[in-house]
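Reviewing the structure listed below.
Reminder, nothing fancy here: chain letters follow the sequence lines and each chain counts from 1.
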Amino acid sequence: MLLLECPYCGPRAEIEFRYGGESHIRRPGPHAEVSDAQWADYLYNRKNLKGEHRERWLHAAGCRRWFNVARNTVTHQVLAVYKMTEPCPLPDDTGAPVGDPSMTPGTAMGGAA
Amino acid sequence: MTTTLFRTGSGGLIDRSRPLRFTFDGKSYSGLQGDTLASALLANGVHLVGRSFKYHRPRGIMGIGADEPNALVGVRRDDARYTPNLLATQVELYDGLDAVSQNRHPSLENDRMAVNDRLLSRFIPAGFYYKTFMWPHKAWDRLYEPRIRAAAGLGVAPDKPDPDSYTQRYAHCDVLVIGAGPAGITAAMEAATADARVILCDDRAAMGGSLLSAASVTIAGKDSSVWLDESLAALARMPNVTLLSRTIAFGYYPHNWIGLTERLTDHLAVMPAGRPRERLWQVRAKEVVIAAGAIERPLVFPGNDRPGIMLADAARTYLQQYGVSVGRRVAIVAAHDSAYRAAHELRAAGIAVVVIADIRSRPAVANPPDCAGTRILSDASIEGTTGKLRVTSITLSAGSKRETFACDTVLMAGGFTPSVHLFSQSRGKLAWDPELQAYLPGQSAEAERSAGACRGRFALEEALADGMEAGRAAARSAGFATGVEVHGPAVTVSHPIGEGGHIGATSSSKGAKDKAFVDWQNDVTANDILLAAREGFISIEHVKRYTTTGMATDQGKLSNINALGIVSEATGRTIPEIGLTTFRAPYTPITFGSLAGRARGDLFDPARVTAFNDWAIEQGAVFENVRNWKRAHYFPRPGEDMHAAVARECLQVRKSVGIFDASTLGKIEVVGPDAAEFLNRFYVNAWTKLGVGKCRYGVLLREDGFILDDGVVGRLAPDRFHVTTTTGGAARVLNMMEDYLQTEWPDLRVWLTSTTEQWSVIAVQGPNAREVLSPLIEGLDVSAEAFPHMSIADAQMCGVPMRLMRVSFTGELGFEVNVPSGYGAMVWQAIWERGKLYDMVPYGTETMHVLRAEKGFIIVGQETDGTVTPDDVGLAWAIGKAKPDFVGKRSLARPALAASNRKQLVGLLTRNPQIALEEGAQIVSPSAPGTSIGHVTSSYHSSVLKKSIALALVRGGRARIGQILHVSMPGGSIPVGVVAPVFFDPEGKRINV
Ligand SMILES: [Zn+2]
């Protein structure tokens, strides 16, 4: 069971959290400018990385807030924890919304419960 | 005192003043406090304890602990307390213990299935499951499999519920030390002295590991037993140390999360009432020290499985710890110097050691025992053994000489395998040490270090020093300052453990007449593994699965390394080239009870009940489960079945009035300056123009465009909405709202509060609903003009706050009374009393379903299945067309979701009104009867309409209204007419009154 550091509550056991899939996926819009292919990519395609992964977690049995975790999916090493509205603090990061105010901070996937 | 023939006159850690009675297979024996079942049986001269898995060969006790492959027994306390598959080496003896052997019919001495060994074994070679019984298929099901399962069995599971309780505990510590042998004790002492919070656990009843069987050993100038007692006492005095004996570390999980099970009562003669049997510890440790010791290796030679053939160090331990002689005349087969230590100690206890057959060329002579009377052979080859239920002789050859020695015991000293199971579970990388010929812990993957014999530090002095170093390093890593480096304590031993060892089969195994076992528990022989190699199974993972070596409950603790050695020799590759199979949790079998803990019975998946549950029970309601909720399904009167009750309930609601518990519907209060904007983006509907005091039916999609949930939303104030969801969707909808608010639209100022359990909801539906309620309502005009359909307002009822909604899921005039749950029962009773004037009936979920189906109202999850759009079920009108965006909007524009031949909601009527269609039945067109074009989603007998009605999703359904289609039924397909999906009051006149 992982030990995750909720940015609001501190370190807690994985059992308190819910995994929310890959993070930093922009919900494309406005709709008129989004092709069917782009939209399908947003709906259905994920990286499924082996290695360093930016992912969403919900402190479901705690503060009920979403946050981001950069985690190595092979070793479970947690590389960084950061709030939804923050860029990934890792120096080599490419997925963070740094300096791009149009970029939304995360991806809510309706009904992906 | 009874005479137990094989108990020594003195010594050992047993309490000779406390004899214990016990039975094995119904026969009475005597043991001593401090015995295990295994040591007590051996003290009585009993070696034969089981029949082997496949060949039903007689088997004896081989080891001393968790590595034991043969001595699987069932222990019975009473009818419900029977635990199969326990290791006799781990079962602590108590007075009255009742143990039975397993896998023998009818008895251990006389097992009918032993024919497997003598006559049938050529039919059950390695991989026999895959070869022999594949054809004909029916014979496998009816003949082969049942017989194989009956023949190859472990113990029988108890058939009564477990009466014991189990508890669980979470714990945190700075340093968890696993194993309380010499290395574990010094590691714990060093870490604790540095002020770290330490947990030290050990699977045995007594801590000390190999020190418990040490003979003529001094540590720091004291006898080792004195040093051990003083060290444990010192640890026990430290407030920052938790000592857990009888506690096995079974699993190592990510981020230093370790599972331990502590056995609390199994060793007691009388189970103390109210005390849990086991405690599961879930420990999060900053640092872990694994001091798991080593497992002695057996030698692979023909006939190496007869009772009386056991591990040499186990025999030595039975002597030193339990005062038990494993035999009178002992032969030792050796590949490691420890054989000579065992020989010396056994001889000192008066046991005859007739021969030491060392398979090595130059046996260690550094510490030869007093050899008088003991033959020592080198370059020895073990040709075989004899004996039916106990070994009676061993045949050895050395050089050109071949000799048979009479003996009652054969000890195997094959060397020691470091116990790397937990390290490997932690995903640490194992490294092959060519000098030690062993896999040792390499690079750690967790905050973890190994110490002592489990990383090849076999000698006592080394293990003690290694533990100290590990304990200090762990404390430092956990943030504690450690004192100056001190060396390990000085040690003297009269007979050191020495070195050596052999991996694989010994030379005589090949082509021998008798079987040379590698895996005792799964009956895998050296020839089986060679056969697998010949048949092309080169990968050790394949060899394992094909031969099943290492796949028994002991997970190959004794067998894996020898199997590797055989594959290595057969394929000409080195052991590190072959690699290792994966070690998996649990290290030893653990009980389901410990994992379940308190989560049993009512606490397994707790039921949710509403404030009206007791009332409904009193009224004789039949309940159904909706998720975790208990909901009244229908309220039968005497003599009524469900059909009759529902028919009556439906008629009475439409005729007068009914009362219904709607409390389980999800409720979320959505509040804030941007609440309307949030709902605009979330639901398909437009909310901006919804007036205060008004309700609207909302439809929620997933981002892929399919319906997720629905419910009525009322506006209480410009910035406040009362949102209802389906019963099953309440948590899902709240989760999704939070998700979007936090991760897509963090700019919106909206707050969400789940109020599902705060409100009790009483639905009063029917033409007389207003008459029933209005005298009870304070501060609100509920006339048709002042409070029309789809209104919401806060007022009072029976003196308590009430939120009243005028809504209808029945098609009748209807209200939903929301009151704080604590007042629910009181308000319900008041409404119920008043309703008697109008013959009001309570109705359940079945009547609710029928009434809504008569009106063509969908139920999410019944008419929808995750592939249904709003237009599919005729809800396109709900969509706010002018809105630039809402969840799922973009998906609705994809071609497949806008296609005209999608399945659409229609009504179906059977020609015979008495026949109700089967829900889920497939629908075909008469012109193309081979192709399903839809399915029935809901079907009921309507007592109001005096006919059956059904809702269905049919491809291009709306264009088929008026057509005849066919529905498959159990007796063949029947014709149905396609109609609009509203069967009752299509104009909605009854709602607007
Ligand atoms: Zn939190």
Side-chain angles (χ1 to χ4, degrees), chain A residues 1-5 8 11-15 18 20-21 23-40 42-44 56-60 63-68 71-78 83-86 101 103-113, chain B residues 170 172 251 253-259 282-286 426-428 445-447 681-682 700-709 728-729 731-747 752 754 866 883-897:
Chain A
M1 188 183 295
L2 304 184
L3 181 68
L4 294 173
E5 179 133 5
Y8 307 97
R12 296 288 189 276
E14 185 184 346
I15 196 170
R18 207 178 70 193
S23 192
H24 300 295
I25 294 173
R26 186 174 164 236
R27 186 172 182 263
H31 287 343
E33 294 166 21
V34 180
S35 70
D36 284 345
Q38 279 176 298
W39 186 253
Y42 159 70
L43 285 180
Y44 300 117
R56 300 159 9 108
W57 286 83
L58 170 68
H59 196 184
C63 62
R64 295 201 60 88
R65 294 222 247 179
W66 284 94
F67 60 96
N68 287 312
R71 179 181 64 105
N72 186 312
T73 57
V74 178
T75 64
H76 292 305
Q77 188 190 358
V78 174
K83 294 177 181 174
M84 271 296 156
T85 49
E86 292 171 349
M103 205 112 151
T104 48
T107 297
M109 262 305 292
Chain B
Y170 292 92
H172 298 262
Y253 304 96
H255 295 178
N256 265 7
W257 177 262
I258 320 293
Q282 298 178 72
V283 180
R284 181 81 67 182
K286 270 188 196 159
S426 79
R427 297 174 169 225
E446 294 279 356
R681 297 186 194 183
F682 201 67
L700 175 63
L701 307 183
R702 299 187 307 214
E703 204 64 274
D704 61 10
F706 298 125
I707 293 175
L708 176 72
D709 205 81
R732 187 162 51 218
V733 172
L734 179 70
N735 283 339
M736 184 169 152
M737 284 183 171
E738 288 179 322
D739 192 343
Y740 275 81
L741 267 182
Q742 292 179 37
T743 72
E744 283 299 337
W745 312 314
D747 52 312
L752 307 170
S754 166
K883 292 198 297 180
D885 193 9
F886 57 82
V887 174
K889 179 177 167 71
R890 178 63 186 82
S891 288
L892 294 180
R894 301 183 73 199
L897 272 65

ask   = If every non-hydrogen atom of B:F886 is compared with every non-hydrogen atom of A:H31, which pair is closest and at what distance?
value = O-NE2, 4.5 Å

task = Verify, without hydrogens or angle tests, whether B:H255 (side chain) and A:H76 (backbone) share a donor-acceptor contact under 3.5 angstrom.
result = yes

key: Value rounded to 0.5 Å, distance of CZ in B:R284 from CG in A:L2   = 7.5 Å

request  = Please step through side-chain contact (heavy atoms from CB on, under 4.5 Å) for the pair A:I15 and B:Q282, ending with a clear verdict.
outcome  = CA-CA 12 Å; A:I15 196 170; B:Q282 298 178 72; over 6 Å; no

message = Donor-acceptor check, side chain of B:R890 to backbone of A:G29, threshold 3.5 angstrom: yes or no?
response = no

ask   = What part of B:P884 lies closer than 4.5 angstrom to a heavy atom of chain A: side chain, backbone, both or neither?
value = backbone

key: Heavy-atom proximity to chain B below 4.5 Å, by part of A:A32   = neither

key: Separation of A:I25 CD1 from B:T743 OG1 (nearest 0.5 Å)   = 10.5 Å

key: Pairwise distance CH2(A:W39) to NZ(B:K889) - rounded to 0.5 angstrom   = 11.0 Å

key: Salt bridge B:D885-A:R27, side-chain N to carboxylate O under 4.0 Å   = yes

request  = Return the minimal non-hydrogen interatomic distance between A:W66 and B:D739, and the atom names on each side.
outcome  = NE1-CA, 3.3 Å

ask   = For B:F682, is it the side chain, the backbone, both, or neither that has a heavy atom closer than 4.5 Å to a heavy atom of chain A?
value = neither

key: Any B:L752 side-chain heavy atom under 4.5 Å of A:R64 side chain   = no

ask   = Given the options B:P895, B:A893, B:S891, which has more heavy-atom pairs under 4.5 Å with chain A than any of the others?
value = B:S891

ask   = Do B:W257 and A:L3 come within less than 4.5 Å of each other through their side chains, counting heavy atoms only?
value = no

key: Side-chain heavy-atom pair B:E703, A:Y42 within 4.5 angstrom cut-off   = yes

